[in-house]
J.: 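To start, I am sharing the structure in question, which I have written as structure tokens.
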Amino acid sequence: QVQLVESGGGLVQAGGSLRLSCTASTRTFSGYAMGWFRQAPGKEREFVAAITWDGGNTVYSDSTKNRFAISRDNAKNTMYLQMNSLKPEDTAVYYCVRYSDIYYNADPVYWGRGTQVTVSS
């Protein structure tokens, strides 16, 4: 069973930064693409960013591109999301996900429980 644990969420003012972390319980972390989704109150869950197994390719949503940066450290079984220039509309629960392959071309198969990010205006 794969467990994904997010951390690093919190309350920040608009324009500030946060770094989220996601640690996986499995030694096969490096063999799979990983990503982040988020869900704001009253809204559907939406894609944020994803990264291939080796970190060689990344993709972002239009709303986070140029502000957020996804990365991973396979030696630590950990993925990161550096969030800069945060806006109130970034307020959401952020979920770590793992895909079923080395690339992110299918739906995620494992989800973490999420970490709350709140951006005040």
J.: Can you name the residues that form a side-chain hydrogen bond (donor to acceptor under 3.5 Å, both in side chains) with Thr64, not counting sequence neighbours?
T.: Ser61
J.: From Leu20 CG over to Tyr95 OH, what is the distance, rounded to the nearest 0.5 angstrom?
T.: 13.0 Å
J.: Any chance you could lay out the side chain to side chain contact (heavy atoms under 4.5 Å, CB included) test for Trp111 and Leu4, step after step, and finish with the verdict?
T.: CA-CA 7 Å; Trp111 293 74; Leu4 304 173; 5.7 Å; no
J.: Once disulfide (SG to SG under 2.5 Å) is applied, what residue pairs with a partner in residues 40-121 remain, sequence neighbours excluded?
T.: Cys22-Cys96
J.: For atom CZ of Arg113, is the number of surrounding heavy atoms from other residues, nucleotides or ligands below 6.0 Å larger than 12?
T.: no
J.: Does anything in residues 1-15 form a side chain to side chain donor-acceptor pair (under 3.5 Å)? List the pairs, not counting sequence neighbours.
T.: none
J.: Would you check if there is a donor-acceptor pair between the side chains of Ser17 and Asn84 at a distance under 3.5 Å?
T.: yes
J.: Using atom types as modelled and distance alone, determine if a side-chain donor or acceptor of Arg98 lies under 3.5 Å from a backbone N or O of Val2.
T.: no
J.: Output side-chain donor-acceptor pairs under 3.5 Å for residues 101-110, partner residues at least two apart or in another chain, one line each.
T.:
none

J.: I need the full list of disulfide (SG to SG under 2.5 Å) pairs touching residues 57-92, with sequence neighbours left out, sorted by first then second residue.
T.: none
J.: Tell me, please, which residues at least two apart from Lys65 pass side chain to side chain contact (heavy atoms under 4.5 Å, CB included).
T.: Tyr60
J.: So if you build clusters from Ile, Leu, Val, Met, Phe, Trp, Tyr with side-chain heavy-atom gaps below 4.5 Å, do Phe68 and Met79 land together?
T.: yes
J.: By side chain to side chain contact (heavy atoms under 4.5 Å, CB included), which residues pair with Gln116, not counting sequence neighbours?
T.: Thr91, Val93, Thr118
J.: With sequence neighbours excluded, tell me which residues meet side chain to side chain contact (heavy atoms under 4.5 Å, CB included) with Tyr80.
T.: Arg19, Ser21, Ser71, Asp73, Lys76, Thr78
J.: Below 4.5 Å, heavy atoms only, C-beta onward: do Val119 and Lys87 meet side chain to side chain?
T.: no
J.: Could you give all pairs that pass the disulfide (SG to SG under 2.5 Å) test and reach residues 28-70, with sequence neighbours left out?
T.: none
J.: Tell me which donor-acceptor pairs under 3.5 Å the side chains of residues 47-54 have, and how far apart each pair is, sequence neighbours excluded?
T.:
from	atom 1	to	atom 2	distance (Å)
Thr52	OG1	Asp54	OD1	3.1
Thr52	OG1	Gly56	N	3.3
Thr52	OG1	Asn57	N	3.0
Thr52	OG1	Asn57	O	3.3
Asp54	OD1	Gly56	N	2.9

J.: Search all heavy atoms of Ser121 against all heavy atoms of Ala14 and return the closest pair with its distance.
T.: CA-CB, 4.4 Å
J.: Tell me whether Val12 shares a hydrophobic cluster with Leu81, the cluster being built from Ile, Leu, Val, Met, Phe, Trp, Tyr side chains joined at under 4.5 Å.
T.: yes
J.: Any disulfide (SG to SG under 2.5 Å) pairs touching residues 42-77, not counting sequence neighbours?
T.: none
J.: Show me the side-chain donor-acceptor pairs of residues 33-44 shorter than 3.5 Å, one per line, residues at least two apart or across chains.
T.:
from	atom 1	to	atom 2	distance (Å)
Arg38	NE	Glu46	OE2	2.5
Arg38	NH1	Asp90	OD1	2.9
Arg38	NH1	Tyr94	OH	2.9
Arg38	NH2	Glu46	OE2	3.0
Arg38	NH2	Ser63	OG	3.4
Gln39	NE2	Lys43	O	3.1

